[in-house]
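Everything below concerns the one structure shown next.
Note that the structure is a prediction, hence the values are computed from the model and not measured.
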Amino acid sequence: MQFSKSTGYALHALIHLARSERGQNVGIKELSALLGVSESYLSKIMSKLRQDGIVKAVTGVNGGYELARSADQITFLEVIQIIEGRQRLYDCFSMDEERHQLFFEAKSGDTEPQGYSVHSKQCLVKKVMDGAEQQMTDYLKRHTIQSVLDAASFECAYHETNKK
């Protein structure tokens with residue numbers, strides 16, 4: 001699983017906006033220079049984030065972008081879903097194909113395995129992939145733009161303390 005470069009640019013832009021002083025917006029020229037990406041490409045990314053209420057666009061001579069809500073309320077999952085879309089990570093190719101099904105056939109007089117009927121069909125791979133997706137989703141929900149900044153501040157303070 002690999003996220004697009006757009007997701008990386010969106011997350012880095014949000015971290016930069018969160019680091020700027022409250023009430024200070026950051027222009028698209030400055031953001032694009034910091035991220036090393038064209039203004040037009042970054043504008044498209046920022047437009048998606050604006051439409052979903054993550055950032056606010058400030059118009060005028062000193063215009064730019066600022067966070068629409070606090071950094072501790074913006075999760076990595078939310079940003080990824082805005083940029084990548086909200087589709088499932090995995091779907092079985094076709095449940096109608098025999099090679100993707102699991103059949104349990106009960107012999108006459110035998111009881112059926114718990115939770116399955118004689119005609120049950122289940123994609124074996126999907127169960128594992130759904131579990132992996134749920135763990136990743138939970139992890140990305142727990143991490144916010146602010147939690148990344150807090151971790152970076154802690155790490156910097158730790159290194160400064162250990163230099164002495």
Side-chain angles (χ1 to χ4, degrees), residues 1-96 100 122-164:
M1 158 102 215
Q2 186 173 8
F3 296 115
S4 68
K5 287 182 180 181
S6 296
T7 294
Y9 290 132
L11 290 166
H12 281 93
L14 292 172
I15 288 168
H16 184 74
L17 291 178
R19 289 184 67 209
S20 66
E21 290 185 34
R22 193 78 179 142
Q24 289 282 85
N25 61 67
V26 181
I28 196 73
K29 284 182 188 270
E30 181 182 345
L31 272 177
S32 67
L34 285 166
L35 299 175
V37 64
S38 75
E39 289 179 38
S40 61
Y41 181 58
L42 188 57
S43 290
K44 290 175 187 173
I45 294 168
M46 298 306 285
S47 178
K48 284 183 178 183
L49 295 173
R50 185 187 53 74
Q51 289 170 358
D52 278 68
I54 303 293
V55 298
K56 290 190 284 190
V58 179
T59 57
V61 176
N62 295 319
Y65 290 97
E66 61 185 39
L67 296 181
R69 54 185 198 255
S70 67
D72 64 345
Q73 295 177 348
I74 302 170
T75 68
F76 270 55
L77 179 65
E78 182 179 20
V79 175
I80 290 167
Q81 288 177 335
I82 290 167
I83 303 298
E84 302 288 336
R86 292 170 172 87
Q87 73 272 7
R88 305 258 338 165
L89 295 180
Y90 183 81
D91 252 336
C92 271
F93 300 103
S94 172
M95 286 302 293
D96 295 330
H100 298 292
Q122 179 181 358
C123 177
L124 295 172
V125 175
K126 185 167 178 24
K127 185 174 181 176
V128 173
M129 298 302 264
D130 284 351
E133 181 175 353
Q134 186 59 53
Q135 286 190 6
M136 184 177 72
T137 297
D138 292 344
Y139 182 83
L140 293 170
K141 274 184 194 175
R142 288 191 309 268
H143 287 82
T144 64
I145 299 301
Q146 188 63 51
S147 70
V148 171
L149 291 173
D150 292 346
S153 293
F154 177 79
E155 192 172 307
C156 287
Y158 176 79
H159 288 300
E160 285 298 316
T161 303
N162 287 335
K163 281 183 180 179
K164 296 176 182 179

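For the atom pair Ser32 OG and Ile45 CD1, the distance stands at 11.0 Å (nearest 0.5 Å). To the nearest 0.5 Å, atoms CG (Leu67) and OG (Ser20) are separated by 7.0 Å. If you take OG1 on Thr7 and NZ on Lys5, they are separated by 12.5 Å, rounding to the nearest 0.5 Å. Atom CZ of Arg86 is separated from atom CG of Leu77 by 9.0 Å, given to the nearest 0.5 angstrom. Distance check: Glu84 CD to Phe3 CZ gives 6.5 Å after rounding to the nearest 0.5 Å. Between the CD1 atom in Ile15 and the CD1 atom in Ile74 there is a gap of 10.5 Å [rounded to 0.5 Å].
Looking at heavy atoms from C-beta onward, Val148 lies in side-chain contact with Phe76 at the 4.5 angstrom threshold. Contact annotation: the side chain of Leu11 approaches that of Ile145 to within less than 4.5 Å [non-hydrogen atoms, C-beta and beyond]. Counting only heavy atoms from C-beta outward, the side chains of Leu31 and Met46 approach each other to under 4.5 Å. The closest side-chain heavy-atom distance from Thr144 to Asp150 is not below 4.5 Å. The side-chain heavy atoms of Ile80 and Met136, taken from C-beta on, include no pair separated by under 4.5 Å. A heavy-atom distance below 4.5 Å is found between the side chains of Leu34 and Glu30.
Few gaps surround NE2 on His16; more than 12 heavy atoms of other groups in view lie less than 6.0 Å from it. Gln135 CD: 12 or fewer foreign heavy atoms inside a 6.0 Å radius. Atom CG of Asp138 has more than 12 heavy atoms from other residues, nucleotides or ligands within 6.0 Å. Heavy-atom contacts from other residues, nucleotides or ligands closer than 6.0 Å to OH of Tyr41 number more than 12. Atom CZ of Arg19 is surrounded by 12 or fewer heavy atoms from other residues, nucleotides or ligands within 6.0 Å.
When all heavy atoms are compared, the tightest approach of Ile83 to Ala10 is CG1-CB, 3.9 Å.
Although no hydrogens or angles enter the test, the distance criterion places no donor-acceptor pair under 3.5 Å between the side chain of Ser147 and the main chain of His143. The backbone N or O of Glu39 lies less than 3.5 Å from a partner atom in the side chain of Ser43, making a donor-acceptor pair.
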- Given the rule in the side chain to side chain contact (heavy atoms under 4.5 Å, CB included) test, do Thr75 and Leu140 qualify, once you have shown the distances and angles that lead to the verdict? CA-CA 7 Å; Thr75 68; Leu140 293 170; over 6 Å; no
